[in-house]
Participant: 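One structure, as structure tokens, below. Some questions next.
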There are 2 protein chains.
Amino acid sequence: MLTDRQLLILKVIVDEFVDTAQPIGSRNIAKKDQVGFSPATIRNEMADLEELGFLQKTHSSSGRMPSEKGYRFYVDHLMDPLKLTKDEIMRINKYFSHKMIELERVMENSANILSELTQYMTLVLGPEIFETKLKQVQIVPLTQHSAIAILVTDTGHVEHRSFVIPQGLDRSDLEKTVNILNEKLVGIPLVYLDRMIKKEVRGLIEKYTSDFSKAYQLLEEALLIDLPTNLYVSGKGNMLNQPEFNDIEKIKILFSMMESEEQIAPILKSKEEGTHIFIGRENKIEALNDLSLITSTYTIGEDQVGTIALLGPTRMDYAKAVAMLQLWSKQMSQSLKSWYDKN
Amino acid sequence: MLTDRQLLILKVIVDEFVDTAQPIGSRNIAKKDQVGFSPATIRNEMADLEELGFLQKTHSSSGRMPSEKGYRFYVDHLMDPLKLTKDEIMRINKYFSHKMIELERVMENSANILSELTQYMTLVLGPEIFETKLKQVQIVPLTQHSAIAILVTDTGHVEHRSFVIPQGLDRSDLEKTVNILNEKLVGIPLVYLDRMIKKEVRGLIEKYTSDFSKAYQLLEEALLIDLPTNLYVSGKGNMLNQPEFNDIEKIKILFSMMESEEQIAPILKSKEEGTHIFIGRENKIEALNDLSLITSTYTIGEDQVGTIALLGPTRMDYAKAVAMLQLWSKQMSQSLKSWYDKN
DNA sequence: CATTAGCACTCGAACAAAAAGAGTGCTAAC
DNA sequence: GTTAGCACTCTTTTTGTTCGAGTGCTAATG
């Protein structure tokens with residue numbers, strides 16, 4: 001068990017290191033007026049804390065910095081729950097005071113605002129798309145030979161894809177097809193679209209259109225679209241300002257990772273409810289082993305629907321990051337609930 | 001006037017420096033088998049070339065590298081018109097062999113492919129939007145109180161915006177409004193939309209709908225949308241591999257510039273027809289003063305409609321970059337022409 | 001007389017040694 | 001139990017040295 005003095009010293013070291021990114025020496029700690037002991041005393045305590053694994057040195061005669069275990073203890077027991085500034089609270093609240101219509105824009109803007117406020121990277125995983133249902137299908141002819149299919153979902157997502165109208169496919173066949181689609185597919189969750197098309201729609205098209213194979217081929221081409229992106233990343237540039245990214249190689253690795261959704265999505269998926277902190281090697285993904293990730297889930301009523309996360313150096317301002325995420329999640333959940341209740 | 005020998009030496013230096021990024025010494029030049037003179041002779045010639053401003057040294061006893069004037073002379077008079085590899089030609093041609101429908105995707109993919117092939121940054125400025133015309137307006141109700149307006153242009157661009165349905169606005173008013181819009185606005189170039197709405201549509205709405213001010217307010221909110229983005233940037237990450245970007249500060253400056261369209265668009269706008277090279281300080285924009293920009297315009301028939309550009313270090317492979325851009329522009333112009341002819 | 005060999009010279013890069021500075025750990029005194 | 005004092009450690013900065021790549025100039029050469 002740590003003594004009060006050890007706790008105080010550990011806390012001061014973490015706070016200071018988060019601020020300066022420099023190892024902290026005993027003299028500097030002694031200068032703080034919360035601390036009433038001499039440097040020598042502090043040195044003794046620091047030696048003990050190091051032995052216990054909470055601190056580490058960069059070399060044998062350097063000051064101390066927190067180890068991962070030190071950060072972990074800090075966030076679990078020492079961290080002051082940070083009061084956000086009025087300005088920060090206003091920024092977030094103001095953002096949610098607008099009517100929320102299109103989920104996508106909400107996600108995208110959220111990522112941008114949180115990046116700006118925290119100076120870390122923000123990752124937002126939108127609501128799982130199996131929730132979202134088809135609202136309407138439209139086909140707009142562009143030229144003699146091409147048209148655009150537009151799908152609107154109940155979350156306000158608009159997906160569109162252009163396609164070539166198969167030679168010889170009748171205009172009326174096209175219209176009939178669209179009618180069938182709207183009749184049969186509206187209200188169906190997007191993930192079931194392909195199944196429904198194969199099962200229900202196929203037969204009807206065969207029955208009602210003059211050139212079945214053409215019409216069906218068109219469908220496959222135009223409607224079996226990729227499910228909408230629901231991952232938003234913002235604030236990559238912020239990382240360039242963090243001293244731990246002085247190294248071009250590190251930047252390259254991080255940036256190239258952040259270019260592929262396949263690599264980011266697993267980081268956020270299936271996080272447990274609430275706010276969680278993953279420090280350094282607590283992250284399963286190797287590329288994040290010297291970063292920290294803070295995740296926070298948001299909900300609709302009881303259902304957890306998405307995750308928002310901040311990614312920064314292990315030396316990050318955990319208190320602030322947590323406070324921001326929690327405020328954001330709370331507001332987001334509220335807004336989502338009232339939005340869904342209206343529907 | 002330069003002698004043949006000077007021309008040869010200048011060319012060798014540029015070619016070699018583009019390849020290695022290291023200043024070139026007389027011994028290295030002498031080793032090339034196109035060169036039949038001793039290092040001493042070459043040193044004399046180099047001294048002359050430096051005096052004439054084509055070469056420069058990094059320090060008094062270093063090898064030489066091309067000055068901006070040297071590059072300029074090189075691209076104007078010395079550069080071999082590079083034969084692209086079969087593979088490169090195939091990649092580009094194959095890309096254009098598909099049917100082209102949605103202009104936006106074409107632009108975006110073009111940027112990606114050219115970045116990958118050249119390892120520089122690609123900037124694409126899409127066709128000027130004053131060309132694009134409204135094809136159809138649709139409004140899809142989402143909930144009791146919200147709906148999505150969807151605009152489709154003749155270039156296959158889909159723009160959408162969600163809005164809150166003003167309290168008390170009749171459903172039939174909404175439908176009437178949409179009908180009026182489609183009647184009056186289809187075929188109108190996007191840039192004239194706001195003018196047309198104010199002039200033609202305003203009166204009609206007043207006449208036919210029961211609550212004029214609400215319907216009109218809605219219009220302003222939902223239809224006076226930003227003109228579609230027509231700027232695509234790709235390959236930022238490539239710059240991290242260029243030795244001239246070893247410096248984090250430089251990366252920060254470039255990246256932050258590339259985040260704002262307002263800063264990039266002027267670089268590409270109103271470039272003269274054809275392919276043009278801007279070396280270092282020939283670029284008006286200060287942030288590009290140690291980079292080179294190669295622009296190439298593409299056309300529909302006689303009309304110049306857009307610009308594509310490659311951005312890289314002044315030490316870039318001009319021959320290859322020019323060849324790529326020209327092939328791309330040619331193909332793009334052809335495709336656009338046949339696309340427009342069909343419409 | 002254009003070319004080239006030869007050589008002194010310059011400068012940066014790489015390395016080593018020295019000095020400065022920050023910080024520790026231990027001992028002995030308070 | 002706390003702290004002053006001091007020797008010690010290790011990094012960073014500075015200074016000096018050497019090495020090598022390359023130049024410019026001069027004088028010799030074909």
Side-chain angles (χ1 to χ4, degrees), chain A residues 1-10 12-17 19-67 70 243-244 246-247, chain B residues 1-10 12-17 19-67 70 243-244 246-247:
Chain A
M1 202 43 215
L2 296 182
T3 65
D4 282 355
R5 193 163 67 193
Q6 286 173 324
L7 296 178
L8 175 62
I9 290 173
L10 178 52
V12 169
I13 290 177
V14 176
D15 284 335
E16 194 69 12
F17 185 72
D19 199 41
T20 63
Q22 296 297 326
I24 319 298
S26 53
R27 272 176 56 84
N28 274 307
I29 297 175
K31 272 184 215 148
K32 300 259 149 199
D33 38 3
Q34 327 138 42
V35 177
F37 337 107
S38 75
T41 310
I42 293 168
R43 282 202 289 281
N44 287 328
E45 297 288 23
M46 289 204 292
D48 291 347
L49 284 168
E50 183 175 2
E51 210 164 316
L52 292 167
F54 294 106
L55 296 180
Q56 63 188 78
K57 294 193 258 193
T58 61
H59 59 87
S60 73
S61 73
S62 76
R64 306 299 208 293
M65 53 183 275
S67 64
E244 20 282 276
N246 259 336
D247 180 7
Chain B
M1 202 43 213
L2 297 181
T3 65
D4 282 354
R5 192 163 67 191
Q6 286 174 323
L7 295 179
L8 175 61
I9 290 173
L10 178 53
V12 169
I13 291 177
V14 176
D15 285 334
E16 194 70 10
F17 185 72
D19 198 41
T20 63
Q22 297 296 327
I24 319 298
S26 54
R27 271 176 56 86
N28 273 308
I29 298 174
K31 271 184 215 147
K32 300 260 150 201
D33 38 0
Q34 326 139 42
V35 178
F37 336 107
S38 75
T41 310
I42 294 170
R43 281 201 289 282
N44 287 327
E45 297 288 22
M46 289 205 290
D48 291 347
L49 283 168
E50 182 174 2
E51 209 164 318
L52 292 168
F54 294 106
L55 295 180
Q56 62 188 76
K57 294 193 257 193
T58 61
H59 58 88
S60 72
S61 74
S62 75
R64 305 300 208 293
M65 53 184 275
S67 65
E244 22 280 277
N246 260 335
D247 180 7

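In the text below, chain A, chain B and the rest are named by the order of the sequence lines, each starting its count at 1.
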Participant: Rounded off to whole Å, could you give me the CZ-to-C1' distance for the A:Arg27 and D:dG5 pair?
Facilitator: 14 Å
Participant: Name the residue closer to the 5' end of DNA chain C, choosing between B:Gly36 and B:Thr58 according to the nucleotide with the nearest heavy atom.
Facilitator: B:Gly36
Participant: Nearest-Å distance, CE (B:Met65) to P (D:dT23)?
Facilitator: 14 Å
Participant: Taking only N and O in the side chain of B:Asn28, is any of them less than 4.0 Å away from OP1 or OP2 of D:dA21?
Facilitator: no
Participant: Going by the side-chain hydrogen bond (donor to acceptor under 3.5 Å, both in side chains) test, name the single residue among B:Arg64, B:Lys31, B:Arg43 that passes it with B:Ser26.
Facilitator: B:Arg43
Participant: With a cut-off of less than 4.0 Å, is there a side-chain N or O of A:Asn44 near OP1 or OP2 of C:dT24?
Facilitator: no
Participant: What is the distance from NE2 of A:His59 to P of C:dG21, rounded to the nearest Å?
Facilitator: 16 Å
Participant: Please state how far atom CD1 in A:Ile9 lies from atom P in C:dT24, giving the value in whole angstrom units.
Facilitator: 11 Å
Participant: Could you check whether any side-chain N or O of A:Ser62 sits under 3.5 Å from a backbone N or O of A:Thr58, counting only pairs where one atom can act as donor and the other as acceptor?
Facilitator: yes
Participant: Under 4.0 Å between a side-chain N or O of B:Ser26 and OP1 or OP2 of D:dG22?
Facilitator: no
Participant: Phosphate oxygens OP1/OP2 of D:dT3: is one of them under 4.0 Å from a side-chain N or O of A:Thr41?
Facilitator: yes
Participant: Taking for each residue the nucleotide of DNA chain C bearing the nearest heavy atom, is the 5' side occupied by A:Ser61 or by B:Pro39?
Facilitator: B:Pro39
Participant: Send over the distance from B:Leu55 CG to D:dG22 C1', rounded to a whole Å.
Facilitator: 14 Å
Participant: Is any N or O donor-acceptor pair between the side chain of A:Ser38 and the base of D:dT3 shorter than 3.5 Å?
Facilitator: no
Participant: What is the distance, to the nearest angstrom, from the CE atom on B:Met46 to the P atom on D:dC25?
Facilitator: 13 Å
Participant: Is there a side-chain contact between B:Ile13 and B:Phe54 in this structure, where contact means two heavy atoms from C-beta onward sitting under 4.5 Å apart?
Facilitator: no
Participant: Kindly indicate whether the side chain of B:Arg43 and the base of C:dG6 share any N or O donor-acceptor pair separated by less than 3.5 Å?
Facilitator: yes
Participant: Apply side-chain contact (heavy atoms from CB on, under 4.5 Å) to the pair B:Phe37 and B:Leu8, showing each step before the final yes or no.
Facilitator: CA-CA 11 Å; B:Phe37 336 107; B:Leu8 175 61; 4.3 Å; yes
Participant: From CG of A:Asp48 over to P of D:dG1, roughly how many Å is that when rounded to an integer?
Facilitator: 13 Å
Participant: Side-chain N or O of B:Arg5 less than 4.0 angstrom from OP1 or OP2 on C:dT3?
Facilitator: yes
Participant: Does any donor-acceptor pair link the side chain of A:Ser60 with the base of D:dT9 at a separation under 3.5 Å?
Facilitator: no
Participant: Whole angstrom is fine here: how far is it from CD in B:Glu45 over to P in C:dT4?
Facilitator: 11 Å
Participant: If you compare every side-chain N and O of B:Lys57 against the phosphate oxygens of D:dG24 (OP1, OP2), does one of them come in below 4.0 Å?
Facilitator: yes
Participant: So, the side chain of B:Ser67 versus the backbone of B:Gly53: is there a donor-acceptor pair under 3.5 Å, distance only?
Facilitator: yes
Participant: Any side-chain N or O of B:Arg64 under 4.0 Å from OP1/OP2 of D:dT23?
Facilitator: yes
